[in-house]
Structure formats: structure tokens, C-alpha cells
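Notes to accompany the following structure.
All chains are named by letter (A, B, ...) in the order of the sequence lines, taking the proteins before the strands, and each is independently numbered beginning at 1.
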Amino acid sequence: MSPNVTAFAIVFAAAILFFIWSVYRRFRLIALGQPDNRFDAIGRRIWNMLFFAFGQRRVVKRTFGINHFILFWCFIILMIANVEFLLHGLFSQQIALSKLPDGTYHTLTTVFDIVSILALVTVVIAMGRRLLFPPSYIDAKSRDAFFILSMVAMLMIAFFGLHGAEIANGVEKAEDYMPISNAVASGIFDGVSTNSLDTWAETFWWIHAIVLLGFLNYLPYSKHMHVLTAIPNCFFKSLDKVNTQPREGFKQGNSFGAGQVSELSWKGLFDSYSCTECGRCTDICPATSTGKKLNPRLVIHDIKVNLLKNESVLTNSGKQVSLPLIGDNHEGSVSEEVLWACTTCGACMEVCPVFIEHVPRIVDMRRHLVEMKAKFPEELLTFFENMEQRSNPWGIAPTERIKWTADIEVKPFEAGQTEYLFYVGCAGALDSRARRVTMSTAKILDTAGVSWGILGKEELCCGDSLRRLGNEYVFDRMVQENIKMFEAKGVKRIVTQCPHCFSTFKNDYRQYGIDLEVIHHTELIDRLIKSGKLNLKSERNGFGNIVFHDSCYLGRYNEVYEAPRHAVASATGHDIHEMHNHLDKSFCCGAGGGRMWMEESPGQKNINVARTEEALANNPKTICVCCPYCMTMFEDGLKDKDADTNVQVLDMAEIVAESLK
Amino acid sequence: MLVVTCIKQVPDTTQVKVDPETGTLIREGVPFIINPFDIHALEESLRLKDRFGFRVAVLSMGPPNTEVTLRKALALGVDQAILLSDRAFGGADTLATSKVLAEAVRRLSEQEDVGIVITGKQTIDGDTAQVGPGIATRLGYQQLTLVDNIENVDLHANKITARRKLEGRHERVESKLPVLISVVRSINRPRYPTVPMRLMAEDAEVILWDNQVMGLDPETIGLNGSATQVRKIFSPERDKGEILGDGAADLGKAVQLLVSKLVEKDLLHI
Ligand code: SF4
Ligand code: SF4
């Protein structure tokens, strides 16, 4: 079937021009973002794109994602059919699939026929899910979603209508190769006159053409923008596992953090176009699930809305942005309450199928609040001052850092004399509970004959919380001091017992060009076990049932999952019990991102209580952690649940130390 | 009109130990901080700037490294920072210190009317609470010590209404300007510097006034001008503590024991 070429050419040209204009308008805004190099390591990037976009690796991690996987590939295949459809409409004499050799043509028509029915089925399933089993974490009944699903369905229906009519009319030479269209021909168009069949075919052709062009033009104005941006977004994805924030240049005249949308990196803006509104981030966010106002999907959504609403102001250079990026209670602004609720646990980024980077955006905005406005929750003032004056969160005198060494002999770190710097950390040195973990770690290292030393009174904080809270200026000063000290003392290998120190030295400090070999105590201890340096009882002892908690900064951020599990199993002779949310789906204890130093809002459920409940569901005698913050959070959680007399919280090092023969 | 804040850089006393042999403070490696009371004085002066449009000058007498502390004040938003530093000022007691500070305020008042001088209630190293009143006396200013709220400043009537926090009571007082105010910590919550302000402060000018500028008689200032001298510093002997009862076995009983002991020693009234 060929339409009236002139009429179609006009419609086509108008549609394409409008599409180009829309896309130009959208992408012009992206260019207003701050520089961010996402064009390095092209090979790896292409691989990521193939694996995650075309392979849909993250999409299919959830069962329902398979439906999307099928629809995605139907789309890709039907793209060939649709391009041919449009070109044939314009150049009916020159371009037609039917001009291909019969074998090829027949294969293609079969494929298109089958794929179209598959697409229709997936669309019906998707609609059914939204209507009958709406998941809580998405806006299931959104008009946008139904509109686009209906469009896809109409495209498929028009496809079958067109080909059915043509087959019934005897003008489709591949009729035997199109089972569905053939069924439509015999089921619906049987006995219809040639004239009417022509009209039907022409009607379906036009429906197909208009819906197709309409679909294309609708994309830039809806969440289905992701059809255009999700694939490149996988290409641009951060190559590091950890989305460490970029450093800031502390020069006069600079502005810090993001107080308006154009102060975000262009990738941050591109992210906002790529959100599929799948709601997986919302579903997994510990803040959202405990009733906080933070919803990671909406943070990204607000960035997009802000960008679009400020379009005219942003493009007519010179004027100020009219809708504030950080503000209260309206679409397009992210509230301060939301920004401070994030634990930077990274769960949202771990599940996002298109690699949207929520945490760096949240920290960008926190930076603006702290650095430009000096505006933050009250409790942080003391925290910041303690950090600046005494380089620890509590403001305890640095001389106290060696208190734990009172009864044991500990060497100071000296290059050449001691191999590892045991970086004890603020909690490990100053918190009475965490000090016991420090002692256990020291005991294990000594038993295994590891050569190690400490910085003692000279040790400073690593600065983790400062960075996550957006106080980059003080963080930057702290890093420089630490690096100066490490270099002066010749520190090369560091073992830490806190995942925050671990991740910060390992990932954040790298931005300063220092080459450190950083290892977490769980990894080192496990290595010692595996190499036979530790003699373990392999008995349950008094540990009973051990349930294990994955720390975000150890697991998700640095992929240390196996070491602590193996070490505990070796020490006790029994595998740990997994919580419902574990490994990369682990649920934060609530202390990350500087939340350790903030109050939870009254009237809302505490994240640590929620996680403690999850642990208690396994009936443990022991909750095993690998982080001093998690330790505090679980101990508090147990008190809250009145379970602290029956259940204990132990660090993995304590379990191993107690199991030494 | 000017508000002048006097601040002092002190060793972080929680980290200072006394050398029992020599009877001196071990200051090595101990960081310097702004005297905690003075942080509130500084904040209050900035609030006066915000509320009534004063200009704020900050004074600090001390060794050259006091500049660091003055830059912190600049980062918080003071308009002018003056470092009073000279060997001749060294070793001063409260008498000699107030003399230098008073002279500096007087010099400032030659350029611009001084309405209010603010100090912290006391410093954590000397704990005398004398320098503020000393300045007021020398300058002939009114003085309101232990202020925990400045209710109003009436620039037309030239007066201030403030609240003083005394043992078990408050006092609402009115005074003529110029006045010296010493503040307690509960008067405000200090602000936090923004980064642009910190960067500005890194390059801002800290004015140095040494004794050439000040022109004070060397016999009346510093160690020479001090009426008191420290002979010895020592940690007082402390009796060994005592463990009361057995808290682990019976917490309630242990608490009761503690309460009765406190009552006995007249430290608690029930
Ligand atoms: S990092 Fe964690 S707390 Fe923050 S938005 Fe993501 S899932 Fe929620
Ligand atoms: S940000 Fe990612 S995970 Fe969250 S709704 Fe959008 S696409 Fe889904």
C-alpha cells in the first residue's frame, strides 16, 4: 500500500522538524550543565552500553523487567520495519522491503509479524500490571504511562490491520509467512470487498504513520524521553563503582555546590532526562521506606522539572533562575529536609537500570547549603566545629586517641619498621565500644605476626562524614593534612577497621594523586585465615545464630562481600544467616552520609530500628557487623526493641579474636 | 557607629597538661582556639550588625600567630580586624591587658563613634573575668556583665536594653551608650562561615598595631605593667575516688547511696 505521497511528505516533514526542534530545545539545556568528562575510556563505555542498555542487565534483575526486555528488543527489531515504512511512504517506487530477495523478505516479514504480536502482548501485560497489581513505588496509574502504552498498542494493531487487509486483498506476496496478519485477514477481512479492503488498508496505513510520528514527537515531552537517552546514559555511566564527588577548586569568585540547576554537571541533567520512573530506587531507599520525605526518584524528577521550568530564564542569558532548585514543597524544587535525609547508602544507584547518580546530586545540593549558605541542621554545627578543632566528631582531645593502648604494647608506625599503618579511626580510638573491636583487631594482627603500627595522637579524622555532608572545604583541608602526614611518614599500606575510612582513603583520596594500598580489616583477617596464619576453634562458642549485616561502604561501594562471611564461617564453623536484604541489596543501618551525627525527625521510624527488626526476624543470638557506625546503630536498635539482653552485636574481628585457639 | 569585639586566642585547655616538674603548662602541639566565650561575643556583634547596621571591628592582643584567629573572625563577617602584637605587650596580667585593649578602643573611637564593646564573660585559660570590666573602667564606659540577651539598641536615645543572667535570676537593665558588655554562652548560637567568606578572609587585611602605633609607656604594659605575677602552676592533689556500692548488682541501691553521700556533703538538697 502506498499513500498519497505529497500528503505524507508534508506530514512527515512537519513531524520530523517538530521532533528535531523539541530535541534541540531539550538538549540545549543539557549543554548548560557543568563540565564532566564522560568521553574517556571509550572502549569500556561502549561495552557498558552494550551490556547494560542492549543487554538490559539491570532491567532484568527484577522479574517484571523481562517484560521490558522483550518490549525493548521488539522495538529495536521493529525499528527496521518502521524506517522502511516511513521511507516507503516517501519513495514508494524506490524503497520497499519486498524488493529484497524472496528468502530475506519472507524471513523479515515473519520476524516482524511475530515481534509485533509479542510487543502487543507485553504492552497488555504492562497495562494489566499497572491496573490490577499496581506496585506501591511507581505512579502506576499515571496518564503518561497509559498514553504511551496505548500508542504502542495502536501501532501494533495498525500493523496487523494494514497487513491483514493487504493479505485479504491478495497484494501481499509474503502472506504465507505472516501468521498473525494472515489470521487477521481470514478472521476479520474475509469476504470484504476489494474496495473496502483498499480503504481499510489506507486507513490503517495512516493510523500507523500518524501514531508512529506522534509517538516520536511525544517522547521529548514525557518520561519516555528515556527511549532516547537511556542508551547513551549507559554509555556515560560512571566508570568507578563509587560515585565520589569531584573536587572543588577553592578560589575566590567560585561558587560551590549546586544552588541552581545549571550548577549541576551536564551528566546530572542528562540523568534527569533518562529516568524511566521505574521506581526501583524509591522501593529500595531506606529513607523512603521509613517514612522520610526523601524519595530518590522524585529528586531526579525535580531536577528535570526545574530545568524545564527555568528554560526561558536559562537560555536568555543573564537573568536569574526563577524556580529555586532547593526549596520547599513544590514540584521542581528539592527541600532541605529531603537533602539531609539521605544516608548516601547508594542503594538507589545500585538498582537504577539506567545508572542515574542520585547521591552525587544530593551532595552537590548539600554543598551549596553548607558552603554558600552555612545552612544545615543545628546538630551539625558542633560536629563541624569539633572536626575543625579536634579532628574528630566528638571534640575529644586528640591525646585520648591512645587510651586503648594503655594495657598493650603498640608500636608507632615507622616506615621500614612496620609494614601496615593500622589506621584506627575516630570511633576505633575514641568510642569505648569500638575500642574493644580495635583491641580484637590488634590481637589478631599480632597473633598472625603482621607488622603494624599506629599514628597515635597524631592520627586525624579521614573526613568521610564531612564530604558526604557537603562540607568539602574542610574535607579538602583535612585530606591535604593527612596526605602530608602519610607522605612524610612513608605510609603505603593502610588497614582500617571502619568502612568509611576504608572507602574514603581508597576512593576519595585517589583524587589527590596519592597512591595508597588500603585494605579493610575484614579482608586482611580473611587473608590471614586463608593463608593459615590463624588457628581457629571453628566452634559456635557463645555466638549462637549469627546474622550478618553488609555495610554500604564495604559492600555496595567496594564489593567486599565474601571476606567477612568466609572469616566468620571459618571462626565458628557455621555459615552466617542472611537477612532478607543482603549483599548489594543491603539495607543501610542509618548512619552513613553524616546521618550518624544528626537526629532522626520525630514521629518517623528510625532506619536503624527498621534494620534491627529485619535482623531480629532471623532469631539471632549475634548480629555481626564490620563497621563502628553499624555497631552503634544496631546496639541502639536493640535497646529500642528491648532485645539488648538476648542479642549481642559483635564486630567480625571480635568473633574471630574470640575464636583464636 | 562601631561595635568593637575583643577576642582572645587561647590554648585548647582540655588538651593542656601541667608539667609537674617545672610547674609550667605543656603547650607543645596544643592547638589554639578562639576562647569559647568570645565566639559568642563575636556572634553577638555580628547580630548587632545585622539588626542595627553597626560596623564591627575585632581586636585581639597576642603573639603574631593570633592572626589565624582574626581571620576566622573576618570569615564570619567582621569588617575590620586589628592585631595588637608587640613583645612589649607580652606577659601581661589583666591590668596591663585591659590597658592595651582600652587604648586600642580609644584609638578606634577617634575615627568613628564606638557604641558598644563586647567581650566574652571570661577566658578559659585565665578565668578571671576582669579584662572586660577593666576596659570599661579605663574608658569610662558603662558596663553590663553576664548579658544573655540584648533586647534593643535605641540609637536615637543612645541607650541599650539588655538582660543579665545572674545566679538564680535575671535582671533586665537599661544603660546609656557607650557600654561594655560581657556575654555568657547562652546568649546565642554562633554562625558558621561560608566558603566564599573564608576565601575572602584568607586574603583580607589584618591590621597590625604594635607599640610604635600605640605609643604606650613600656613600663605600664606587658610584664612590667602587671600588678600580679604567676609564681607557679600545679595540678591540685586529688583524693582517690571511691566506688560506691555495686551498681552492676543493684543499681537502685547504688544510686540511693550516691544521693545520700551528696546530701551528706551538702552538694544536693532534697
Ligand atoms: S543513597 Fe540511600 S538513602 Fe540516599 S536516596 Fe539513595 S537509597 Fe535513599
Ligand atoms: S532514577 Fe533510576 S531507579 Fe529511580 S525511577 Fe528513575 S530509572 Fe528507576
- Item | side chain to side chain contact (heavy atoms under 4.5 Å, CB included) between A:L466 and A:F383, worked out | CA-CA 9 Å; A:L466 286 171; A:F383 171 76; 4.2 Å; yes
- Message: Go through it in stages, so that I can follow the logic: the residues are B:I181 and B:I160, the test is side chain to side chain contact (heavy atoms under 4.5 Å, CB included), and I'd like the CA-CA distance, side-chain angles, deciding distance and then a yes or no.
- Response: CA-CA 10 Å; B:I181 285 176; B:I160 183 169; 3.4 Å; yes
- Task: Before giving the answer on side chain to side chain contact (heavy atoms under 4.5 Å, CB included), spell out for A:L381 and A:F376 the whole-Å C-alpha distance, their side-chain angles and the decisive distance to 0.1 Å.
- Result: CA-CA 8 Å; A:L381 182 67; A:F376 39 77; 4.1 Å; yes
Distance-only donor-acceptor screen, chain B against chain A, under 3.5 angstrom:
residue : atom : partner : partner atom : Å
B:D12   : OD1  : A:R390  : NH2          : 2.4
B:D12   : OD2  : A:R390  : NE           : 2.3
B:D12   : OD2  : A:R390  : NH2          : 2.7
B:T14   : OG1  : A:R390  : NH2          : 3.1
B:R189  : NH2  : A:E378  : O            : 3.1
B:Y192  : OH   : A:E388  : OE2          : 2.7
B:Y192  : OH   : A:N471  : ND2          : 2.8
B:V195  : N    : A:E371  : O            : 2.7
B:R198  : NH1  : A:E388  : OE1          : 3.0
B:R198  : NH2  : A:E388  : OE2          : 3.0
B:L199  : O    : A:Q252  : NE2          : 3.4
B:E202  : OE2  : A:Y473  : OH           : 2.8
B:E202  : OE2  : A:R477  : NH2          : 3.3
B:D203  : OD2  : A:Q252  : NE2          : 2.6

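For the residue pair B:T161 / B:R172, no side-chain donor-acceptor distance below 3.5 Å is found, with atom types taken as modelled.
When atom types are taken as modelled, the side chain of B:S182 and the backbone of B:G120 share no donor-acceptor pair closer than 3.5 angstrom.
Partners of B:S45 under the side-chain hydrogen bond (donor to acceptor under 3.5 Å, both in side chains) rule, at least two apart in sequence or in another chain, are B:T5.
For a residue to count as touching a neighbouring chain, one of its non-hydrogen atoms must lie under 4.5 Å from one of that chain's; by this rule A:F250 touches chain B with backbone and side chain alike.
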